[in-house]
Number of protein chains: 2
Amino acid sequence: MPVTIYDVAREAGVSMATVSRVVNQNPNVKPTTRKKVLDAIERLGYRPNAVARGLASKKTTTVGVVIPDISGSFFAEVARGIEDIANMYNYNIILCNSDEQKEKELRLINTLLEKQVDGLLFMGNEVTEDHKEAFGTASVPIVLTATYDDENRWPSVNIDNKQAAVDATTLLLDEGHRHVALITGPLTHPVNGFPRYQGYREALEAKGVPFDEKYVRVGDYRYQSGMEAMRELLALDEPPTAVFAASDEMAVGVIHAVQDAGKRVPEDISVIGFDNINISSMVRPLLSTIAQPMYDIGAVSMRLLTKLMNKEEVEDPHVILQHELVLRQSTKTQAGE
Amino acid sequence: MPVTIYDVAREAGVSMATVSRVVNQNPNVKPTTRKKVLDAIERLGYRPNAVARGLASKKTTTVGVVIPDISGSFFAEVARGIEDIANMYNYNIILCNSDEQKEKELRLINTLLEKQVDGLLFMGNEVTEDHKEAFGTASVPIVLTATYDDENRWPSVNIDNKQAAVDATTLLLDEGHRHVALITGPLTHPVNGFPRYQGYREALEAKGVPFDEKYVRVGDYRYQSGMEAMRELLALDEPPTAVFAASDEMAVGVIHAVQDAGKRVPEDISVIGFDNINISSMVRPLLSTIAQPMYDIGAVSMRLLTKLMNKEEVEDPHVILQHELVLRQSTKTQAGE
DNA sequence: CTGTTAGCGCGTTCAA
DNA sequence: TTGAACGCGCTAACAG
């Protein structure tokens with residue numbers, strides 16, 4: 001039923017090799033025959049079969065993307081960066097949600113490899129030994145997006161999470177606060193969890209402010225957890241006067257908890273978030289935050305992968321993108337200061 | 001380099017046909033030889049080549065998804081529904097952003113078809129004649145997600161947008177408001193734009209409230225446009241006392257414009273949104289809205305597609321999912337009333 | 001500049 | 001229960 005390259009060849013009165021040449025933009029074809037072929041293609045409505053092409057050429061122009069959850073603002077933005085660059089270089093992406101479940105991640109990696117993707121982008125909180133083993137069976141390049149492995153065996157794209165946390169905490173400290181709380185993500189996450197906690201402590205130490213465990217709460221990056229954590233903090237004998245939340249969603253939860261308690265941000269309590277997802281400029285007061293270049297994290301990862309797939313020389317395969325302190329209205333220090 | 005089915009066959013001392021059978025769970029294999037094969041697979045680390053399989057079987061267990069912009073909350077949620085069900089039925093998805101650009105949409109549809117996807121999910125504001133022509137060249141099933149064609153030639157999954165707008169407007173009218181404004185999306189969008197405008201007018205008419213053009217503003221569904229539209233509305237001689245925004249983002253913009261003007265929601269002005277994206281429960285006051293079952297729209301679309309791909313009988317290929325009025329705090333009418 | 005000929009790795013008859 | 005052989009649609013030498 002479907003028209004093949006043979007049908008086109010017959011229709012145009014040439015060999016299939018010639019048809020293949022014109023389809024693949026091979027310059028070694030006489031203009032007149034090229035036209036004959038093009039006409040035949042048009043007439044028959046020929047559509048090249050990419051699967052057959054993939055089998056013969058061993059290239060699928062498709063890359064696999066393992067992502068925790070596409071419905072989250074952060075990942076959705078990263079995914080957009082990935083897809084834009086992929087599209088730019090004529091690749092398509094197979095998108096898979098992992099929910100950060102290790103077994104599912106491993107299964108997806110395997111499925112993607114079976115599908116002969118030309119490369120793989122992996123995002124996830126932790127790269128375990130099992131992950132490394134799975135990566136090891138791949139014969140195509142892999143880039144770790146917003147994560148990395150402890151040995152730096154695979155190329156990766158990240159921001160400096162610890163330094164970002166230092167910056168956020170220091171800003172609060174510089175405003176004069178001495179009771180600065182941290183609402184972090186799970187400390188068991190070696191990439192995005194623990195380093196921010198480390199940065200918080202380092203900043204405290206650098207300023208000579210004693211660390212106090214009671215000012216640390218662990219959330220899950222979601223709004224609710226931020227709000228609940230802040231309620232607890234507010235119930236302390238000596239509540240914090242500033243809060244650093246490891247995600248914008250939690251930071252917004254913090255702001256609302258503060259407001260619900262009849263206090264004001266930033267007059268009574270300063271709040272700074274992390275990520276700079278679009279919601280941070282859709283709340284009152286506008287949220288001050290550590291901006292991660294989410295789109296770029298995706299875009300740079302994909303660009304790096306294209307180079308790797310193309311066997312190009314790549315200077316440094318471990319990219320650290322710059323984060324940025326975005327001062328809006330939830331901290332006393334605001335833009336321009 | 002990569003190990004093929006032949007290598008496994010040799011290693012196990014059987015023919016490749018037998019290996020194929022055990023890999024594909026064909027029961028006609030003696031248990032002992034099955035074990036021999038399984039061992040050989042394990043020993044060699046054999047990974048079936050899905051591309052070769054796809055060429056031979058004419059099935060790729062991959063579906064194409066054309067979506068306007070994965071970084072938007074609405075679409076990200078729909079995409080999640082799609083991917084979950086796809087995963088459940090052992091399909092993978094190739095995700096493509098179209099930015100609602102017609103040429104890009106047509107190109108993507110073609111690319112996806114070249115890649116021999118087993119089915120296609122299309123989302124976009126409008127299904128033009130060119131789209132229909134492109135769909136017509138497909139030999140695999142296509143489902144229109146959150147959109148439809150004017151002839152209902154293709155299966156689709158939607159909500160009743162007009163009725164949803166009637167419900168939202170009527171709620172506001174029932175609160176006693178007589179100056180109800182509408183901030184809609186582009187009226188040129190036949191699926192999600194115009195019908196909501198129609199519903200607004202119908203509700204007005206049903207309650208005998210005269211339609212007044214000055215209370216209608218066109219936005220682009222984004223926060224900024226909602227905020228700006230509200231500023232204009234506020235500048236009217238007789239500002240509206242209630243606003244129906246065709247998206248939650250715009251509704252939040254409306255709330256902030258109202259607050260910035262020193263007025264209160266809902267005491268001075270009632271606001272209702274559309275979609276029920278997660279941000280609607282992350283603002284103060286909590287946003288009342290028309291909830292669209294975003295995840296289900298994606299999930300049901302994908303489920304429908306699996307049936308179609310499987311050539312199963314499907315009762316009604318034009319699914320209308322229920323929307324829901326979610327009353328929170330931005331309207332006077334609140335939960336329980 | 002063009003055609004012939006092998007594969008690519010696997011599913012699937014058809015016989016045995 | 002198993003194997004031999006063909007073909008899926010195309011790319012890539014190689015020859016001419």
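Proteins come first, then strands; the chains are lettered A, B, ... in the order of their sequence lines, and each starts at number 1.
- For B/S15 and D/dA4, the shortest distance from a side-chain N or O to OP1 or OP2 is not below 4.0 Å.
- Relative to the side chain of B/K58, the nucleotides C/dC14, D/dC8, D/dC10 differ in distance, and D/dC8 lies closest.
- In this structure, A/E312 places its CD atom where more than 12 heavy-atom neighbours from other residues, nucleotides or ligands lie under 6.0 Å away.
- Among D/dT11, C/dT12, D/dC10, the nucleotide with an atom closest to any side-chain atom of A/S20 is D/dT11.
- Taking the six-membered ring where tryptophan is involved, the planes of A/Y221 and A/H189 are essentially parallel, since the angle between them stays under 30° and well short of 60°.
- Residue A/R21 places its side chain closer to C/dG3 than to any other of D/dT11, D/dC10, C/dG3.
- Per the geometry, CG belonging to B/N49 stands 6 Å off C1' belonging to C/dG9, to the nearest Å.
- Between A/M16 and A/K30, the residue whose closest nucleotide on DNA chain C is further toward the 5' end is A/K30.
- B/N28 comes within 4.0 angstrom of a base, heavy atoms only.
- Closest to the side chain of A/L55, from the set C/dT12, D/dT11, C/dG9, is C/dG9.
- In this model, the phosphate group of C/dG9 is not approached by any side-chain N or O of B/R53 to a distance below 4.0 Å at OP1 or OP2.
- Taking every side-chain heavy atom of A/N24 into account, D/dT11 is the closest of D/dT11, C/dC10, D/dA4.
- Nearest nucleotide to the B/A52 side chain, out of D/dC10, C/dT12, C/dG9: C/dG9.
- OP1 and OP2 of D/dG3 both lie 4.0 Å or more from every side-chain N or O belonging to B/Y6.
- The existence of a salt bridge linking B/K102 and B/E105 is excluded, since no basic side-chain nitrogen approaches an acidic carboxylate oxygen closer than 4.0 Å.
- We find that CZ of A/R10 is positioned 19 Å from P of C/dT2, with the value rounded to whole Å.
- Distance alone, capped at 3.5 Å, is enough to place a donor-acceptor pair between the B/H318 side chain and the B/N152 backbone.
- For B/P317 against B/L304, the heavy-atom pair with the smallest separation is O-CD2, 3.9 Å.
- Looking at heavy-atom distances under 4.0 Å, A/V14 makes contact with sugar-phosphate atoms alone, never a base.
- The residue B/T18 sits close only to the backbone: its heavy atoms come under 4.0 Å of sugar-phosphate atoms, none of a base.
- The side chain of A/T33 places no N or O atom within less than 4.0 Å of a non-bridging phosphate oxygen (OP1 or OP2) of C/dC1.
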